[in-house]
2 protein chains.
Amino acid sequence: MAQRSGPDYRHKLTLRDVSEASGVSEMTVSRVLRNSGDVSEKTRAKVLEVARTLGYVPNKIAGALASNRVNLVGVIIPSLSNMVFPEVLMGISRVLDETPLQPVVGVTGYEPEKEEQVIFEMLSWRPSGLIVAGLEHTDAAKAMMRNAGVPIVEIMDVDGEPVDACVGISHERAGRETAREILARGYRKIGFLGTKMPLDHRARKRFEGFSSVLKDEGLSIVAEEYYSGGSALAKGREMTQAILAKAPDLDFLYFSNDMIGAGGLLYCLEIGIDVPGQLGLAGFNGVDLIDGLPRRLATLDSCRAEIGARAAELIAAAETTPKDASPQRIEISPIFAPGDTVRPK
Amino acid sequence: MAQRSGPDYRHKLTLRDVSEASGVSEMTVSRVLRNSGDVSEKTRAKVLEVARTLGYVPNKIAGALASNRVNLVGVIIPSLSNMVFPEVLMGISRVLDETPLQPVVGVTGYEPEKEEQVIFEMLSWRPSGLIVAGLEHTDAAKAMMRNAGVPIVEIMDVDGEPVDACVGISHERAGRETAREILARGYRKIGFLGTKMPLDHRARKRFEGFSSVLKDEGLSIVAEEYYSGGSALAKGREMTQAILAKAPDLDFLYFSNDMIGAGGLLYCLEIGIDVPGQLGLAGFNGVDLIDGLPRRLATLDSCRAEIGARAAELIAAAETTPKDASPQRIEISPIFAPGDTVRPK
DNA sequence: GTGAAAGCGCTAACAC
DNA sequence: GTGTTAGCGCTTTCAC
């Protein structure tokens with residue numbers, strides 16, 4: 001079999017190799033490869049040609065150490081199995097793609113100790129900034145971030161004290177707003193369905209906001225149902241069946257996310273419940289799956305991609321600007337989308 | 001407000017700072033921090049104590065340069081918006097979590113040039129290995145990978161020539177197997193619904209395998225429908241409506257993924273089509289959403305998490321073992337899951 | 001068990 | 001426009 005000729009990357013080539021092969025100093029080669037400083041067109045062309053034929057791949061590790069510039073942004077999220085976080089990543093990527101910065105992802109599994117560890121690992125790469133989901137962290141993690149000397153953006157949530165900047169929605173308010181919309185539409189016997197996750201602070205805050213509005217009206221949640229693991233759609237079905245068995249006179253189900261809400265919706269329609277007349281439904285997140293359901297599920301958008309993008313912009317801006325800007329606190333305020341699963345007001 | 005006392009990370013601390021503060025040489029501090037070599041328990045305790053109080057965070061950039069060990073694994077995937085790829089990442093993370101290796105993700109948007117660029121960027125970090133989705137790459141990308149001097153694992157697909165190792169399923173075979181199952185169940189007028197993506201080689205291979213079996217039986221695909229962007233569930237609905245309008249006598253719809261299949265299923269049930277009697281449906285991927293649908297959609301599992309895990313194992317193994325092992329070619333063979341949307345044989 | 005010296009492959013800073 | 005020098009913060013190697 002004929003061996004295609006081409007660059008040979010096998011020997012770990014260094015700048016020195018390119019320098020020798022082109023008869024130009026290492027420094028000039030470095031300048032060409034970074035498009036920095038003035039280099040004559042002739043030299044530049046020669047160097048590029050030699051680098052390409054040799055198959056030279058610069059060593060960013062060495063470059064980063066020498067220049068003290070790493071151009072990495074640490075992104076720390078609790079999970080990848082929940083589509084919400086990949087969507088945040090997309091927002092981040094979209095913005096960072098226009099810059100020299102590159103995201104590096106760490107996953108915590110919703111565990112504070114694991115998060116602390118991931119933050120430590122990230123910081124040991126000396127990144128240009130950190131984007132971390134949530135406002136709740138161990139004291140050690142907060143201390144590390146506070147003293148990291150790089151911009152830290154906590155995302156998804158604004159209910160609390162950020163270490164530095166934050167971008168997100170208020171989940172407390174999201175819960176309250178949903179409750180108000182539901183009550184305004186005349187529903188009174190309300191059930192709640194959520195995840196069995198004490199460390200999902202955002203879900204908890206929505207629940208608290210939601211409950212507090214009910215309480216103000218002299219109401220309370222009539223029944224609850226929780227799940228963990230498995231297909232959220234299937235769990236939504238099962239939980240809906242279970243909660244309606246326990247409390248058949250419910251007139252509303254508030255789901256802590258759209259996927260279980262979708263499962264609940266499919267179940268209700270199948271067994272012939274009149275949605276939204278007899279039973280209203282609402283979820284949370286605003287996932288695009290909703291568009292394909294038999295009815296549009298009522299929901300509140302969690303603005304994932306936008307949050308990711310705004311956070312990335314803050315980090316990118318800190319790279320360019322003198323770092324005297326005061327920490328930002330950006331709250332995005334989504335509005336309730338009633339869809340077809342709540343009665344009109 | 002009282003300032004909580006604690007480690008001060010502000011001044012970029014170095015080994016030297018820890019060394020001076022503990023009265024131990026930099027070398028010994030380094031040994032303690034890496035658990036390498038023999039250090040007396042007394043010294044070790046003192047160093048750890050000092051490092052912690054100071055809030056020292058080691059600089060991995062410098063460590064990597066000096067030791068020539070980076071412990072990063074580049075993972076290159078086409079997209080994050082398709083849940084398939086985050087699931088691959090989960091399989092990879094699960095395995096790498098047990099090792100010192102850490103995944104770094106790059107996204108190509110299904111563009112070969114972007115992929116080439118991402119591969120170059122990844123290699124410039126001198127990673128311990130690369131996991132790349134697919135077997136199709138530009139010549140330059142293949143050359144870089146061939147000469148990278150680290151293990152390269154191409155994943156998701158085994159229909160072609162890998163640069164080094166590969167782990168995946170045969171999409172050609174997946175298409176053929178699905179076609180055989182469909183024909184064996186008596187369906188004959190078959191429509192195909194897919195994505196408008198010439199660069200999704202795996203979808204193309206499934207289509208080709210599928211078509212070839214039909215052809216062997218003197219049949220062919222009666223109607224086709226394609227989409228791009230938007231909510232896959234909603235697109236599945238729309239396309240199903242459209243294809244049935246064009247070809248009302250179809251008795252089977254083969255969807256190139258489960259999400260559009262699910263949309264199609266919901267649509268068919270809503271308008272009262274007898275599934276699977278009058279019309280059979282099948283998708284591809286085996287997503288867990290299927291469990292929550294009114295009927296279980298027939299599908300073929302693409303084994304995403306397992307593929308990720310196996311690929312990560314190959315990289316991890318290459319780290320420990322002398323690198324003489326011949327390149328592996330691991331084919332996973334999923335079996336057709338008929339669910340409830342095809343007739344019994 | 002501990003330390004001293006010599007780099008890893010680049011780039012900042014300055015000289016020419 | 002180009003070259004020289006001196007590190008970046010660690011780890012390797014070898015001496016003690």
Practice task
At the 4.0 Å heavy-atom cut-off to chain A, mark where contacts on DNA chain C begin and end, going 5' to 3'.
Solution key: C/dG9 to C/dA13

Handout entry: B/Y56 side chain near D/dC10 phosphate (N/O to OP1/OP2, under 4.0 Å)
Key = yes

Exercise for the section: Kindly write out the residues that satisfy side-chain contact (heavy atoms from CB on, under 4.5 Å) with B/E313, not counting sequence neighbours, or none if the list is empty. Expected result: B/V95, B/R310

Atom pairs and distances, donor-acceptor, side-chain atoms in residues 99-110 of chain B, under 3.5 Å, two or more places apart:
residue	atom	partner	partner atom	Å
B/T99	OG1	B/L96	O	2.8
B/T99	OG1	B/L101	N	2.9
B/T108	OG1	B/Y110	N	3.2

Handout entry: With B/D159 via side-chain contact (heavy atoms from CB on, under 4.5 Å) - residues at least two apart
Key = B/D157, B/S170, B/H171, B/E172, B/K205

Exercise for the section: Please give the angle, rounded to 10 degrees, between the axes at the start and the end of the helix from C/dG1-D/dC16 to C/dC16-D/dG1, where five pairs define each axis. Expected result: 30°

Practice task
Count the heavy atoms belonging to other residues, nucleotides or ligands that lie under 6.0 Å from CG of A/D97, then report whether that count exceeds 12.
Solution key: yes

Exercise for the section: Taking atom CZ of A/R16 as the centre, report whether more than 12 heavy atoms of other residues, nucleotides or ligands fall under 6.0 Å from it. Expected result: no

Handout entry: Phosphate contact (D/dT2 OP1 or OP2) by A/T43 side-chain N/O below 4.0 Å
Key = yes

Handout entry: Rounded distance (Å) that lies between atom C1' of D/dC10 and atom CZ of B/R31
Key = 13 Å

Practice task
Mind calculating the distance between NZ (B/K60) and P (D/dG9) to the nearest angstrom?
Solution key: 18 Å

Please list each protein N or O that sits under 3.5 Å from an N or O in nucleotides 5-8 of chain D, with the distance.
residue	atom	partner	partner atom	Å
D/dC8	O2	A/A66	N	3.2

